[in-house]
Trainee: 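Following this message is one structure expressed as structure tokens.
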Amino acid sequence: MVFLRKPSIFIVGAVVLSAVLLQGGNGILTIIVPLRMTEAGLPTTDVGFVGTGYAIGFLIGCVFATGLVRTVGHIRAYAALAAVMGTGILALTIDTNVFLYAGVRAATGFCMAGLTTVIESWINERTPAESRGNVLSIYMVITKGALAVGPLMLGYGDVEGPDFLMVICAFFSMSLVPMALTRGPSPQLPPLKRLGVVTLYKIAPAAIVGCVAIGLVNGAVISLVPTYASSIDLSPATIAVIMAGMQLGGLAMQWPLGWISDRMDRRLIIAFAALAVTVLSIGVTLAGSLPEVVQIILFSAWGGVAFSIYAICVSHAADRAPLDLMVAMSSSLLLAWAAGAVVGPTVASFMMTVIGPAGLFYYASSVMICLLAFVLVRTRLRRAEPKEKKQDFVGLPASSPVIQQMDPRMHDAIDASSIHQGRNTARDPDEQPDLTDYDDGGYNDSPAVDLNPETDDPEK
């Protein structure tokens with residue numbers, strides 16, 4: 001089956017290549033920052049503070065990045081954000097200072113939200129509506145693979161030196177090249193509305209509580225697992241394999257859990273996943289002295305379940321949301337997840353300081369037990385949606401405020417939503433748009449008149 005026509009294949013391919021380079025560098029950065037702080041003797045609470053800084057930046061980026069992109073254009077925005085990312089990474093070579101690291105991570109969080117907004121809105125615009133589900137799946141596999149494979153480089157160098165920071169900077173800089181060379185109209189990026197907490201809770205209480213809870217847990221674990229693993233004497237190479245296993249586990253487990261959730265009450269799947277994360281968290285704390293391969297398997301299983309809960313929560317909310325609120329609902333759930341990720345690293349780092357390294361997973365278990373109890377109570381208070389009214393599961397990642405536009409469930413919702421009135425959900429690749437007014441990110445800045453390159457001076 002052909003998902004895209006030839007003109008769009010080249011554009012989407014270039015954009016996806018930018019995403020691969022971006023995520024490859026981001027995967028290394030996620031591990032090397034806590035490792036460098038731990039090796040420098042900074043306390044665990046400082047590592048958690050820096051993790052919170054990234055989440056704050058990401059949350060702010062989810063709110064304001066779309067406005068930036070809409071104002072200056074996709075390519076200009078991508079170039080500016082990539083430059084800020086590269087500069088921030090180079091700043092990490094100056095000193096191992098908690099405030100410097102927190103500031104840089106906050107900036108990279110904002111930039112990641114903006115960069116993924118550019119990437120995903122462009123892919124969405126160049127993909128016909130009927131192919132978005134397939135393209136979303138391919139995009140997720142490729143970018144998750146890059147996020148997992150990038151950190152494996154840590155087994156071939158010194159994490160305390162500047163070498164890997166230079167490599168990360170190179171990844172971010174090179175991600176600009178395919179994007180900058182992309183020709184064609186910039187995507188339309190309409191304003192995105194969001195729902196209030198009360199409205200979200202009325203629509204799907206288990207979904208919003210689940211997103212906050214998994215943000216609390218995943219934000220903490222992603223930020224602090226390198227510190228935990230280092231404290232039990234695992235090597236940087238093993239830590240990189242553990243983080244890769246968690247990402248790939250989430251990619252592998254999302255689809256079977258989603259498939260099952262299509263056939264029964266999704267809240268029961270959320271409850272099962274919360275119970276599984278609790279059990280696996282306890283297993284991880286007990287496996288500290290076991291062979292590395294056992295720990296890698298446990299961490300991969302943990303990531304497989306924990307990283308799948310967000311998408312199940314979004315699917316549960318999609319089953320219950322009115323059609324014209326689905327787009328706003330999805331954007332709001334991402335903010336709920338990000339809000340949890342702001343709090344999680346700091347709270348978990350305090351528990352690690354008080355209890356010891358195992359406090360990270362005692363914290364995760366505590367949050368998941370609370371989620372389990374809440375969801376089970378909700379199943380008693382409200383009946384499940386009839387199977388014929390349920391939407392098919394889509395493994396939607398918590399990546400940017402526009403990712404929901406690639407969700408095939410949103411095709412009718414975007415047409416119904418007032419924030420997207422008058423906008424086609426997919427542009428016909430054969431359609432020749434009017435190029436006189438569109439913002440092409442800087443490609444249409446040449447004079448409007450035809451110039452003879454041999455006799456005319458374009459500066460006159």
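What you see is a predicted model, and the numbers here were worked out from it, not measured in a lab.
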Trainee: Provide the closest heavy-atom pair for F58 versus L334 in the form atom of the first, atom of the second, distance.
Mentor: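 It is CE2-CD1, 4.3 Å.
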
Trainee: Between R76 and V72, is there a donor-acceptor pair closer than 3.5 Å when you use the side chain of the first and the backbone of the second?
Mentor: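 Yes.
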
Trainee: side-chain contact (heavy atoms from CB on, under 4.5 Å), that's the test. Do Y101 and F49 meet it? Break it down for me.
Mentor: CA-CA 9 Å; Y101 271 55; F49 177 69; over 6 Å; no

Trainee: Between V47 and S223, which heavy-atom pair has the shortest distance, and what is it?
Mentor: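 Looking at all heavy atoms of both residues, the closest pair is CG1-O, 4.0 Å.
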
Trainee: Can you see which heavy atom on L90 is nearest to which on T93, and at what distance?
Mentor: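 So the two residues come closest at O-OG1, 2.6 Å.
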
Trainee: Could you tell me whether F99 atom CZ has more than 12 heavy atoms of other residues or ligands within 6.0 Å of it?
Mentor: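 No, because the 6.0 Å sphere around CZ of F99 holds 12 heavy atoms or fewer from other groups.
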
Trainee: Is any side-chain heavy atom of L81 closer than 4.5 Å to one of M112?
Mentor: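 Not in contact.
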
Trainee: Would you confirm whether T116, through its side chain, and S399, through its main-chain N or O, come within 3.5 Å as a donor-acceptor pair?
Mentor: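 The answer is yes, because a donor-acceptor pair under 3.5 Å joins these two groups.
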
Trainee: Could you walk me through whether I309 and C313 pass side-chain contact (heavy atoms from CB on, under 4.5 Å), step by step?
Mentor: CA-CA 6 Å; I309 294 177; C313 290; 3.9 Å; yes

Trainee: Looking only at side chains, do T227 and S230 share a donor and an acceptor under 3.5 Å apart?
Mentor: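 No, S230 and T227 have no side-chain donor paired with an acceptor closer than 3.5 Å.
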
Trainee: Looking at every heavy atom in both L333 and A317, which two are closest together, and how far apart are they?
Mentor: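 For L333 versus A317, the nearest heavy atoms are CD1-CB, 3.7 Å.
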
Trainee: When the side chains of residues 337-350 are checked against the rest of the protein, which donor-acceptor pairs come out under 3.5 Å, sequence neighbours left out?
Mentor:
{"unit_1": "T346", "atom_1": "OG1", "unit_2": "T52", "atom_2": "OG1", "d": "2.6"}
{"unit_1": "S349", "atom_1": "OG", "unit_2": "P345", "atom_2": "O", "d": "3.2"}
{"unit_1": "S349", "atom_1": "OG", "unit_2": "T346", "atom_2": "O", "d": "2.7"}

Trainee: Using side-chain heavy atoms (C-beta onward) and a distance below 4.5 Å, is L360 in contact with M351?
Mentor: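 No - every pair of side-chain heavy atoms lies 4.5 Å or more apart.
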
Trainee: Answer whether the closest heavy-atom distance between the side chains of M179 and H74 falls below 4.5 Å.
Mentor: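 In short, these two side chains do not touch, never coming nearer than 4.5 Å.
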
Trainee: Shortest non-hydrogen contact from Y139 to V16?
Mentor: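 Closest approach of Y139 to V16, heavy atoms only: CD1-CG2, 4.4 Å.
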
Trainee: I want to check something: taking the side chain as every heavy atom from C-beta on, are V221 and Y363 in contact at a cut-off of under 4.5 Å?
Mentor: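 SC-SC contact between V221 and Y363 ruled out.
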
Trainee: Between CD of Q23 and CG of L115, what distance do you get to the nearest 0.5 Å?
Mentor: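 Between Q23 CD and L115 CG, I get 9.5 Å after rounding to 0.5 Å.
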
Trainee: For residues 166-176, please give each side-chain donor-acceptor pair under 3.5 Å, one per line with the distance, not counting sequence neighbours.
Mentor:
{"unit_1": "S173", "atom_1": "OG", "unit_2": "C169", "atom_2": "O", "d": "2.9"}
{"unit_1": "S175", "atom_1": "OG", "unit_2": "Y78", "atom_2": "OH", "d": "3.1"}
{"unit_1": "S175", "atom_1": "OG", "unit_2": "F172", "atom_2": "O", "d": "2.7"}

Trainee: If we only count heavy atoms from C-beta on, is the T238 to Q295 side-chain gap below 4.5 Å?
Mentor: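 No, side chains not in contact.
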
Trainee: CG of L298 to CE of M246: how many Å apart, nearest 0.5 Å?
Mentor: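 One gets 11.5 Å once the value is rounded to the nearest 0.5 Å.
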
Trainee: State the OG1-CD distance between T143 and Q247, to the nearest 0.5 angstrom.
Mentor: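 CD of Q247 is found 9.5 Å from OG1 of T143.
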
Trainee: Any chance you could measure L136, atom CG, to N124, atom CG, to the nearest 0.5 Å?
Mentor: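 One gets 10.0 Å once the value is rounded to the nearest 0.5 Å.
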
Trainee: Please walk me through it: do S281 and W302 pass side-chain contact (heavy atoms from CB on, under 4.5 Å)?
Mentor: CA-CA 7 Å; S281 296; W302 191 99; 2.8 Å; yes

Trainee: Do L248 and F307 have side chains that get closer than 4.5 Å, going by heavy atoms?
Mentor: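 No, every pair of side-chain atoms sits at 4.5 Å or beyond.
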
Trainee: Under the 3.5 angstrom rule, does the side chain of R105 hit a backbone N or O of T30 as a donor-acceptor pair?
Mentor: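 No, because the side chain of R105 does not come within donor-acceptor range (under 3.5 Å) of the backbone of T30.
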
Trainee: Using a 4.5 Å cut-off on heavy atoms from C-beta on, say whether the side chain of F299 contacts that of M243.
Mentor: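 Side-chain contact under 4.5 Å: no.
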
Trainee: side-chain contact (heavy atoms from CB on, under 4.5 Å) between W255 and S308: does it pass, once the steps are laid out?
Mentor: CA-CA 8 Å; W255 304 112; S308 302; over 6 Å; no

Trainee: When rounded to the nearest 0.5 angstrom, what is the spacing between CD in E292 and CG in L234?
Mentor: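 That separation rounds to 5.5 Å.
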
Trainee: For the backbone of G249 and the side chain of S300, can you confirm whether one donor and one acceptor N or O come within less than 3.5 Å of each other?
Mentor: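 No.
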
Trainee: Decide if the gap between the ring center of Y228 and the ring center of F361 is smaller than 6.0 angstrom.
Mentor: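 Aromatic pair counts; centres sit under 6.0 Å.
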
Trainee: First locate atom OG1 of T96, then atom CZ of R36, and finally report the distance between them rounded to the nearest 0.5 Å.
Mentor: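 The CZ atom of R36 is 5.5 Å from OG1 of T96, to the nearest 0.5 Å.
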
Trainee: Give me the atom names and distance for the closest heavy-atom approach of L35 to P226.
Mentor: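 Minimum heavy-atom contact is CD2-O, 3.8 Å.
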
Trainee: Would you say V212 and L216 make side-chain contact, with heavy atoms under 4.5 Å?
Mentor: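 They are in contact (side-chain heavy atoms under 4.5 Å apart), so the answer is yes.
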
